*Asks:* 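Dropping the structure in here first, questions after.
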Amino acid sequence: MAARLAARLGGMLVVVWGAATLAFLVLRLVPGDPVDIMLGVEGQASPEAKDAIRADLGLDRPAFEQYLGYLGRVLRGDLGRSYQLRLPVTEVIGQQLAATLELVAASVLFTLVLVAIGAVVFGGRRSRPVVGALELIAISSPPFWIGLVLLAVFGFGLNLFPVAGADGVTAVVLPAATIALPVAGLLGQVLAAGMADARAQPFALTALARGVSAERLVLRHTLRHAALPAVTLTGYIVGSLLGGAVIVESVFGRPGIGRVTLAAITHRDLPVVMGVIILTSVVFVIVNLAVDISYRLIDPRLALSAEAIRGVR
Amino acid sequence: MRLIPSPRRVLATLALVAGTALLVSGCASPQSGAGASTPQAGGTITFAVDVDPVGHLDVHSSQLDINAILQRPVFDSLVSQNADGSIVPWLAKSWSISADGLSYTFDLRTDVKFTDGAPFNAAAVKANFEHIVAPDTQSAQASSMLGGDFYAGTTVVDDHTVRVDFTQPFAPFLHNAAAVQLGFYSPLVLAASADKLKAGGPGISVGTGPFILSSYTPGSELVYTKNPDYNWAPDGAAHQGAAIIDTLDVKILPESAVRTGALTSGQVDIIGDTSPASLAQLGAGYTIISTQSPGVPYSLFLNVKRPVFANLGERLALAEGFDLDAAVKGVFQGRYQRAWSILSPGTPNSYDASLEGSRPFNSGDARALLDAQGWTGRDSEGYRTKDGKRLSARWISYTPVAEDNASLAALIQDGMKKIGFEVKHDVLEPGAYLDAYLAGDYDLTDWGYLSADADILRSHLGTKGFQNASHVSDATVDANLAAAVATTDPAKRAELYRALQQYNADAIATLPLYVPEYSLAAGPGIGGVTVDINGWPQFSAAYTSR
């Protein structure tokens, strides 16, 4: 067990290292000199001044040396300083992390509630196709548009929620709903299809013949069968929300990692981009682990088959 | 100061749908009446803007317009510039200029305090000007406003008298001294936290102004509280003493449709950087203040070092070849004026109105000019050719391009295509843009540049100008620019700038397109908001009766 855990942790580290290395390489391949971009078209620094800035940032050293130096600092927990903001990267990300986590948590909560209503409550009913159509509309609507419509109706029209900012619980409702609607549509479709498949299986007929109620059949049996792909998708979505909520953040004027990342990429603020990539890869790795663990809880056969494979070996 | 276009990550269709959604919501939330207009003390005014200057809050090094707008409540200047361009006393009671034009001596007010308690005096002026020119500050704009290479130093004459010296006469100095870029940080901040000025925030962005920055959430909100001790408003300002409102709350709402909706629903009081399309959506009861931006209007810069624009013929063909009047009228719904000169009408003591109407749309003439240059062949797409080469110009733009400017570009491309001249528009992200720009690998590029002094032409038309995107190099132009910066005689300066505008109108190094405006819209019950020469809001006298 300890060996398996160690192997798993090692694998996770390799993923994070790989992400950081790939990001480092890619950021050096794209055109654009960080110092030129920092100064802009209006910047009138002399070549000497530019060289001084370059030396100050360590950009004058060979790429491989920069890479090794960077890895060394990351291992010591130092993500460097932002070129643009002149603040430690940990502080730049830290300032925005709370708002992002709040948004992700609320979005996941909303998603689960919507999916529970759409797929579980309506699953198998005659009205399910109507819910399915609504889900398709939610999936195919651009988040930007959903955000504006929600704002127009609940923010501007009914004045129920503040337009902008991140203070208080009410400020997170509309942004989280904007993210949750299409995600819930997608998960609902996946889950409903899985449950329909499961219901067609002989075991479902057996259970019903045993006198199991329709509700119990859903909760104990078909939901479990359908849950695996939905859980995988949820894990992926949670991971990508971390840096990927930029549209929602800008519609609602919310602080967050997404906008920080966008600005950092356009300004070639390499330390911040690298910091976000490392953070995202760590979150993905952790979410992936959680998804794997939940697989075994949802479907005990997986654990059994793993034991069986080891037994053969 | 680049006129930053507001970011629009939206497809046109989406904007249309969103606009409809907002119209629907507008019906659901009536905001009635013109609002009571009795000023009452206290309260909060909420001001929504499109972007915040995250990481660029240092007034001495930032080049962002939005930073100048958002820091003005906090930072005062030696003098103040009225909307008509005239200069009045502010933190300096009076000043004198030496006969040779090399020294400016300022007699400072004695009752001014920074909001952290430090006194404002000659030493504070010296510390700030030294901070601007210090290499670590990496200042481009503020340091050039302080004279750049012409700046010799600042001397404390006595506690409240300070002298600024130049190596050669530098006429724009008084105009520049009124700008927030030459505003004053508390010397305590400069001594203790100079490395944090770019990040900014409460306790860092500390000046003598009518407001104190009390909280800053990057990307989201800036909150200012009034400075109760403030008693040093510019001479002749309508409102003297402390601000009327208690709190100014600035919200960052990047999407134009969201700002408009927030205003019409009463969730914010004032919106800034408002496009003509949004203004058209506002009904009665809203106060709209639009100001033509001084400086260089939004223009196309023709790179005269490249073959396609090396000769006057092709440059003239571009100037006459498409219907700019109709394009500007259509794109900006008749709200913006078409530009005729490389200087905006609002630039103090310099604009040459005689250029208006001087080169009207004339596609026949443009065609003849191109024929005369030998572009007589035609390729399969209908473009002109010479020796088998297509007549084509590469236009590079810095992303994001404002929606209105993108529409204008499309109309220009379309008009030029009709006379067989291909204009390829490459919208590049900053890294790629700067690579192309610095290498001179473009035929056209575009921007407008705000400046309250015509000396801005020195960087745009001077051989060594750092914004000389046209790569103009002309001895007479350089001599006129040098003479204009060195004379303090207004009539003489105006004469020289007229000659420079005439030069550009003849040589078409720059093709001015339209005169941008800064527009504010205030909701019912909001009053007292004034604007400076740039059209930027001043909140000292603002009040809310909501």
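For the numbers below, each heavy atom of this structure counts, side chains included, while hydrogens, waters and symmetry mates do not. If you're wondering where the values come from, they're calculated on a predicted model, not measured in any experiment.
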*Asks:* Heavy atoms only: give me the nearest A:Arg268-B:Gly431 pair and the separation to one decimal.
*Replies:*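 In this case the closest contact between A:Arg268 and B:Gly431 is NH2-CA, 3.9 Å.
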*Asks:* Just wondering, more than 12 heavy atoms not from B:Asp441 lying within 6.0 Å of its CG?
*Replies:*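 Atom CG in B:Asp441 is crowded, with more than 12 foreign heavy atoms closer than 6.0 Å.
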*Asks:* Below 4.5 Å from any heavy atom of chain A, which atoms of B:Pro135 appear? Answer side chain, backbone, both or neither.
*Replies:*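 Neither part.
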*Asks:* What's the shortest heavy-atom distance between A:Gly253 and B:Leu253, and which atoms?
*Replies:*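 Shortest heavy-atom separation between A:Gly253 and B:Leu253 comes out as CA-CD2, 4.3 Å.
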*Asks:* Give me the atom names and distance for the closest heavy-atom approach of A:Arg259 to B:Ile252.
*Replies:*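 Heavy atoms only, the tightest pair is NH2-CG2, 3.8 Å.
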*Asks:* Output the option from B:Ser459, B:Pro430, B:Ser61, B:Ala432 having the highest count of non-hydrogen pairs under 4.5 Å with chain A.
*Replies:*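 Ranked by heavy-atom pairs under 4.5 Å with chain A, first place is B:Pro430.
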*Asks:* Which heavy-atom pair separates B:Pro254 from A:Ser250 by the least distance, and what is that distance?
*Replies:*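 What the structure gives for the nearest pair is CD-O, 2.9 Å.
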*Asks:* Can you tell me if CZ on B:Phe150 sees more than 12 non-hydrogen neighbours from other groups inside 6.0 Å?
*Replies:*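 Buried by this count: over 12 neighbours within 6.0 Å.
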*Asks:* Would you give the length of the straight line joining atom CD of A:Gln96 to atom OG1 of B:Thr217, rounded to the nearest 0.5 angstrom?
*Replies:*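 Answer rounded to 0.5 Å: 9.0 Å.
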*Asks:* Given that the side chain runs from C-beta out, which part of B:Leu57 has a heavy atom under 4.5 Å from chain A: side chain, backbone, both or neither?
*Replies:*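 Looking at B:Leu57, nothing touches chain A.
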*Asks:* Can you give me the closest heavy-atom contact between B:Pro218 and A:Pro255, atom names plus distance?
*Replies:*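 Minimum heavy-atom contact is O-CB, 3.6 Å.
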